[in-house]
Amino acid sequence: MSSSADALEGGRSSLKLAADKYRSILNDEKTGNIRWRYGGPPIFNTVNKLFEEERTHVWPEGSLEETVQNAIKSWEMEFSHKIRLQDFKTTNPEKFKLFVNGREGLSAEETLRLGSYNALLKNSLPQEFQYYKPEEESFESSHDAFRSALPRGFAWEILSVYSGPPVIAFKFRHWGYFEGTFKGHAPTGEMVQFLGLGVLKVDESLRAEEIEIYYDPGELFGGLLKGPPISETKTTDSGDNTAEKQSCPFTH
């Protein structure tokens with residue numbers, strides 16, 4: 001949302017922490033004891049800019065909606081950028097389960113191993129109907145694929161919160177701009193997005209114990225597969241393939 005939620009940007013940052021108004025746990029971290037996936041804490045400036053420019057709600061400071069929104073962003077940040085569960089602050093690793101579209105729950109260890117994208121995109125469709133195959137992707141390849149496709153990040157916002165803790169029900173929106181290649185498809189420059197529902201169960205310390213997510217992956221992939229296959233793009237009179245001249249984020 002996270003996989004996730006919007007940590008497509010970030011990662012290969014310096015060890016110096018920058019204040020993040022939506023993921024306050026980053027501002028309190030003691031970096032010396034934390035094992036970061038990309039060597040240091042992430043920086044979310046680009047996706048935060050997209051979020052602030054295009055969110056549909058600006059929730060009052062301290063409201064339940066703002067609290068839940070920031071909690072989910074922090075949860076996704078940890079699963080995407082930390083490599084040891086012992087360093088997590090947002091999750092109760094002994095009890096944690098992630099359920100997506102009614103499938104069998106994934107433990108904290110399984111979610112961390114798969115990565116948030118693969119965890120959220122697992123499905124039971126026959127192989128010939130799967131437009132994305134999580135079992136063939138690693139943590140790194142899945143994040144690289146979406147980071148390539150959505151170079152400005154994959155922003156996430158709360159649309160509604162229906163109940164408060166310990167069982168928090170909410171509606172969300174996830175969006176970005178298809179400005180890079182995705183699985184052999186040329187970018188369209190258009191917005192891709194999907195809406196979903198979630199139920200978050202927390203303990204007395206507000207750490208996540210269970211998360212249920214319900215959404216239609218077709219909303220997301222309908223936009224990502226809209227771009228023409230690169231192998232089918234036309235060759236110019238000079239013999240240059242127009243798709244090959246697209247800037248590829250994997251090489252920069």
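All values derive from a computational prediction rather than experimental measurement.
In terms of the side-chain contact (heavy atoms from CB on, under 4.5 Å) criterion, residue partners of F88 (sequence neighbours excluded) are, by chain and number, E78, F79, K82, L85, T91, L112. Under the ring pair (Phe, Tyr, Trp, His ring centres under 6.0 Å) criterion, F178 pairs with no residue at all, not counting sequence neighbours. The side-chain contact (heavy atoms from CB on, under 4.5 Å) search around L114 returns L106, N118, K122, not counting sequence neighbours. Take Y177 and apply the ring pair (Phe, Tyr, Trp, His ring centres under 6.0 Å) test, not counting sequence neighbours, and it matches no residue.
In this structure, the side chains of Y22 and N48 come closer than 4.5 Å at one or more pairs of heavy atoms. A 4.5 Å side-chain heavy-atom check between P187 and T181 finds at least one atom pair inside the cut-off. When side chains are defined from C-beta on, R152 counts as touching E179, because their heavy atoms get closer than 4.5 Å. A heavy-atom distance below 4.5 Å is found between the side chains of M77 and I25. For the pair P229 and H185, the minimum side-chain heavy-atom distance is below 4.5 Å. At a threshold of 4.5 Å between non-hydrogen side-chain atoms, the residues I158 and W59 count as touching. Looking at E136 and S141, their side chains never come closer than 4.5 Å, going by heavy atoms from C-beta outward. Looking at E210 and F96, their side chains never come closer than 4.5 Å, going by heavy atoms from C-beta outward.
Using a 4.0 Å cut-off between charged side-chain N and carboxylate O, E53 and K49 make a salt bridge. The pair K21-E52 meets the salt-bridge criterion, since a charged nitrogen lies less than 4.0 angstrom from a carboxylate oxygen.
Alongside V167, the hydrophobic cluster contains V199 (criterion: ILVMFWY side chains under 4.5 Å). Annotation for L159: hydrophobic cluster partners, listed by chain and number, are L195 (ILVMFWY side-chain heavy atoms under 4.5 Å, direct or chained).
Interatomic distance, L206 CG to T67 OG1, rounded to the nearest 0.5 Å: 9.0 Å. Taken from CG in L121 to OH in Y132, the straight-line distance is 6.0 Å, to the nearest 0.5 Å.
Judged by a 6.0 Å distance limit and a 45° cone about the ring axis, R23 is positioned over the six-membered ring of F44.
A donor-acceptor contact shorter than 3.5 Å is absent between the side chain of D20 and the backbone of S24. Between the side chain of H174 and the backbone N or O of A155 there is at least one donor-acceptor pair closer than 3.5 Å.
In this structure, Q86 places its CD atom where more than 12 heavy-atom neighbours from other residues, nucleotides or ligands lie under 6.0 Å away. For K171, the NZ atom sits in a loose shell: 12 or fewer heavy atoms of surrounding residues, nucleotides or ligands are nearer than 6.0 Å.
Transitive grouping of hydrophobic side chains (ILVMFWY, heavy atoms separated by less than 4.5 Å) keeps W75 and F99 in distinct clusters.
A distance below 6.0 Å separates the ring centres of F172 and W156. Centroid-to-centroid, the aromatic rings of F182 and F146 come within less than 6.0 Å.
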Pair K183-E137, salt bridge (charged side-chain N to carboxylate O under 4.0 Å, His left out): steps then yes or no:
CA-CA 12 Å; K183 296 296 183 181; E137 302 286 345; 2.3 Å; yes

